[in-house]
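Below is one structure, written out as structure tokens; comments come after it.
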Amino acid sequence: MSKLENILSQQVKSAVKELYGMEADDKMIQLQKTRPEFEGNITLVVFPFVKAARKAPAQVASEIGAWLVNDKIVNDKIVNKFNAVQGFLNLTIADSFWLEQLQSIVSEPINDKIVNDKIINKLMMVEYSSPNTNKPLHLGHVRNNLLGWSIAKIQEANGWKVVKTNIVNDRGIHICKSMLAWLKFGNGETPESSGKKGDHLIGDYYVRFDKEYRKQVAELMANGMDEENAKKEAPLMKEAQAMLLKWEQGDKQVRDLWAKMNSWVYAGFDETYRMMGVSFDKIYYESNTYLEGKSEVEKGLAAGQFYRREDGSVWADLTKDGLDEKLLLRADGTSVYMTQDIGTAKLRYQDFPIDKMVYVVGNEQEYHFKVLSILLDRLGFPFGKELVHFSYGMVELPNGKMKSREGTVVDADDLMAQMIADAKQIYLQKNDQSQITNNQSPMTNDQCDEVARMVGLGALKYFILKVDPRKNMLFNPEESIDFNGNTGPFIQYTYARIQSVLRKSNSKAVQLPTAQRSNSASGLNAKELALIQRLCDYPSVVRQAGDEFSPAVICNYAYALACDFNSFYHDYSILNEPDEAVRALRLTLAATVAKTILHAMNLLGIELPERM
RNA sequence: GGUCCGGUAGCUCAGUUGGAUAGAGCAACAGCCUUCUAAGCUGUGGGUCGGGGGUUCGAAUCCCCCCCGGAUCACCA
């Protein structure tokens, strides 16, 4: 709740008590922004009071309005005017109040303001990204990475200590397939010899395996075998499984090859992460955690929390929790996904005093995390019961889901490169035009590339983050991502404009006009006022984004703020304003908008160019 | 079949602790650069908020039924 809402809430409570003898609770105080078609800044919905008042809504609104304007309580009088429309009481707040608010925003660092009343000295671990090492990252991973990064930033802004982590799925049949295909068809190809990024190189062999494998299956079926058997009996599959077994046994040759090929993949991932602007405080590898998981399960078995079937497999009975029975160890003693996640949790808890664990994983795994939560709780992990599965929606293409093997994936590296190239081209076009109409000096090619990088990635990131994370979203590769309208570049542009004005203003410290002076005839205009009001909302927006785990909330706010500013910028001059006090106010306002945009975009992982 | 999520303008999306005539962007059309960056600003057209019932001063928002789409219910991850 903002300061304004706080004050008004108290005053309204006093008003209805005095007027109608009614004790109002917080729920009944419904305040909302006044719709633009009515005069006023903030609106009280008075319907909750009409029953007690036993009067028509409009009359109740008028009475409360009059009471607020003539507030007899010693509080600062902040309501200047009111008008009543049916059950809606529109209040106009004094300029002096808004100026005080602006002053306090200017003097207090944004983050302190948000965290201030809600200091949490607790540790949150955020797991995100979590790639397999058999193929490069695609658009689905991009959404995951951007959400994970942003959520970590947002929770930090809300006072959490955050550890970002990644669990790399570096072992298993999938990587054996790539290894095998590389051995058979690779002729010793390396990232250096081919000029390919390591993750792409490995991905190519994963695809190659699938192609050759399908050929074998088709052949077997042509010779009369049924499909199910053909899939089992295909020599390539048998070889891959044999390789996996050797890996588990620690066979030196297989392990060496595995280490070599994974190192290529990691070099490739590092590049992608760097370009995307994400990083991790601690990376875990499943090859290190799955054994830990096994021993945890064995312990649980000994403690009677799990049970063993005749074939030797180990299960958890979750029927009391309304779920099924869940396999934890196969009959041959090998581990499954769940086992590994338990092991990973164990190691993490040894490494960090985790108060809250957040898994950024797609919504297709909701069942898995429901089960994991119960299992971790049973095994005594304090964060297990309350673990957060930050379950986000899929990125879909016009024809449906992305599928690696069918070649319908949008590659992360390609997409980022394309966005940056588009941004550069747009910049060059704009620059040609703007040479004629404004006196900006052209950028060097390096500066231009840097701006294109920020803007291209800004467009991509905003495009993904502005969608409610819980929902599936659509990406159409045929249509390029916009750079106009409700986009990242729009917000970056707004920022760059402000920076340009500030550069030209030459004034480092600007003195705000005093409340008295601007309470005179030359008070705040509607656009200035809307901006201040919007700026006041920011702390509660950040809190909401944290509570809801939603970077989209930040996007919506940043867009609204940029819209407000652009409209103001269009209607009023800042530097050419003759009244010194007004000029100072506008400069302060512009600088504060820029600071807020910078803070908000930082929460989204979007960089801002000083000019564009 | 059970469970969960979604269905809002031609397209992509906001808006759900119940509030005024449901909002943006894109696309279309019409204006605005000798003036702080036109990646901008202003305007026009565009809607049975999937359908039907209910709750009440008031429902896109809450409840029930139905239709459509997706996910999931693996000795895959």
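In what follows, chains carry the letters A, B, and so on, assigned in the order in which the sequence lines appear, proteins first and then strands, with residues in each chain numbered from 1.
- A donor-acceptor contact closer than 3.5 angstrom links the side chains of N566(A) and T494(A).
- Comparing the C1' positions of A27(B) and G10(B) gives an interatomic distance of 8 Å, to the nearest angstrom.
- Checking the phosphate oxygens (OP1, OP2) of C75(B), no side-chain nitrogen or oxygen of R309(A) falls inside 4.0 Å.
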Trace of the ring pair (Phe, Tyr, Trp, His ring centres under 6.0 Å) decision for Y206(A) with F209(A): CA-CA 5 Å; Y206(A) 185 68; F209(A) 175 93; 7.4 Å; no

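- Between Y367(A) and U72(B), a side-chain N or O to OP1/OP2 separation shorter than 4.0 Å is absent.
- The phosphate of A24(B) has neither OP1 nor OP2 within less than 4.0 Å of any side-chain N or O from K466(A).
- Counting only heavy atoms from C-beta on, T34(A) has its side chain closest to A20(B) among A20(B), C13(B), G40(B).
- Both Y572(A) and V455(A) lie near RNA chain B, and the one whose nearest nucleotide falls closer to the 5' end is Y572(A).
- Across U8(B) and C68(B), the matching C1' atoms stand 15 Å from one another, rounded to whole Å.
- What separates CG of L397(A) from P of U12(B) is a distance of 13 Å, to the nearest Å.
- Contact annotation: K326(A) side-chain N/O to C75(B) OP1/OP2 distance is not under 4.0 Å.
- Between F369(A) and the options Y337(A), F390(A), Y359(A), a ring-ring contact (aromatic ring centres under 6.0 Å, His included) holds for only Y359(A).
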Please lay out, stage by stage, how T334(A) and R330(A) fare under the test side-chain hydrogen bond (donor to acceptor under 3.5 Å, both in side chains). CA-CA 5 Å; T334(A) 56; R330(A) 296 191 186 98; 2.9 Å; yes

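- For U48(B), there is no paired base (Watson-Crick or G-U wobble, both distances below 3.5 Å).
- Rounded to an integer number of Å, the gap from CE of M394(A) to P of G70(B) is 14 Å.
- Listed nucleotides: C4(B), C57(B), A39(B). Nearest to the side chain of E366(A): C4(B).
- The side chain of N132(A) has A77(B) as its nearest neighbour among G7(B), A77(B), U37(B).
- Per the geometry, NZ belonging to K51(A) stands 10 Å off P belonging to U56(B), to the nearest Å.
- Of the candidates G19(B), C4(B), A24(B), the closest approach to any side-chain atom of Y559(A) belongs to A24(B).
- Between A20(B) and C36(B), the distance separating the two P atoms is 40 Å to the nearest Å.
- Regarding contacts with the backbone of U37(B), every side-chain N or O of R503(A) stays at 4.0 angstrom or more from both OP1 and OP2.
- Residue D571(A) is classed as having no contact, given no heavy-atom separation below 4.0 Å to the nucleic acid.
- You cannot call F490(A) stacked on the base of A39(B); the centres under 5.5 Å and planes under 30° rule is not satisfied.
- In this structure, C33(B) is classed as syn because its glycosidic torsion stays within 90° of zero.
- You can call F88(A) stacked on the base of A20(B); the centres are under 5.5 Å apart and the planes sit within 30°.
- Rounding to whole angstrom units, CG of residue N566(A) and P of C36(B) are separated by 15 Å.
- Distances from the side chain of S567(A) to the nucleotides C41(B), A77(B), G25(B) place C41(B) closest.
- In a base pair of the Watson-Crick type (N1 to N3 plus N6-O4 or O6-N4) or a G-U wobble (N1-O2 and O6-N3), with each distance short of 3.5 Å, G43(B) is matched with C29(B).
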The test is side-chain hydrogen bond (donor to acceptor under 3.5 Å, both in side chains); show your working for T34(A) and N41(A) and say whether it passes. CA-CA 5 Å; T34(A) 304; N41(A) 313 128; over 6 Å; no

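- Ion pairing of R453(A) with E450(A) is present here, as a side-chain N (NZ or NE/NH1/NH2) and a carboxylate O approach within less than 4.0 Å.
- Listed nucleotides C36(B), C75(B), G25(B) differ in distance to D311(A); the shortest reach to its side chain belongs to C75(B).
- Counting only heavy atoms from C-beta on, V501(A) has its side chain closest to C36(B) among C41(B), A39(B), C36(B).
- The distance between atom CZ of F369(A) and atom P of C73(B), rounded to the nearest whole Å, is 13 Å.
- Base pairing of G1(B): its partner is C73(B), meeting the Watson-Crick or G-U wobble criterion (both donor-acceptor distances under 3.5 Å).
- Here C75(B) is the nucleotide among C75(B), A39(B), A38(B) with the atom lying nearest to any side-chain atom of S313(A).
- Separating the CD atom of Q32(A) from the C1' atom of G15(B) is a distance of 13 Å, rounded to the nearest angstrom.
- The listed nucleotides are A38(B), C75(B), C13(B); the one nearest the side chain of V467(A) is C13(B).
- Contact annotation: R35(A) side-chain N/O to G19(B) OP1/OP2 distance is not under 4.0 Å.
- A donor-acceptor pair shorter than 3.5 Å cannot be found between the side chains of K294(A) and S335(A).
- Regarding F463(A), its CZ atom lies at a distance of 11 Å from the P atom of A14(B), rounded to whole Å.
- Residue N486(A) places its side chain closer to G25(B) than to any other of G25(B), A14(B), A20(B).
- OP1 or OP2 of A39(B) has at least one side-chain nitrogen or oxygen of K430(A) nearer than 4.0 Å.
- A salt bridge is absent between D25(A) and K27(A); no separation between the charged side-chain nitrogens and carboxylate oxygens falls under 4.0 Å.
- The nucleotide G23(B) finds its pairing partner in C13(B), both defining distances of the Watson-Crick or G-U wobble pair being shorter than 3.5 Å.
- Across G7(B) and U16(B), the matching P atoms stand 13 Å from one another, rounded to whole Å.
- At C36(B), none of the side-chain N or O atoms of S500(A) fall inside 4.0 Å of OP1 or OP2 (strictly under the cut-off).
- U56(B) and C63(B) are spaced 13 Å apart, taking the C1' atom of each and rounding to whole Å.
- Between the side chain of D324(A) and the base of A74(B) there is no donor-acceptor pair of N/O atoms closer than 3.5 Å.
- The gap from the P atom of C11(B) to that of U48(B) amounts to 12 Å, rounded to the nearest Å.
- Judged by distance alone, with hydrogens and angles left aside, T43(A) brings a side-chain donor or acceptor within reach of the base of A20(B), the pair sitting under 3.5 Å.
- When each of E37(A) and N484(A) is assigned the nucleotide of RNA chain B with its nearest heavy atom, E37(A) is the one assigned upstream, toward the 5' end.
- U21(B) and G47(B): their C1' atoms are spaced 13 Å apart (whole Å).
- Atom CG in L428(A) sits about 20 Å away from atom P in U37(B), given to the nearest Å.
- For a distance-only test at 3.5 Å, the side chain of N363(A) fails to qualify as a donor-acceptor partner of the base of C4(B).
- Between E227(A) and K231(A), at least one side-chain nitrogen of the basic residue sits less than 4.0 Å from a carboxylate oxygen of the acidic one, meeting the salt-bridge criterion.
- Annotation: G40(B) and G53(B) have their P atoms spaced 44 Å apart (nearest Å).
- Remark: K504(A) is in phosphate contact with U37(B), judged by side-chain N or O atoms under 4.0 Å from OP1 or OP2.
- Relative orientation of the Y559(A) and F490(A) rings is tilted, given thresholds of 30° and 60° on the angle between their planes.
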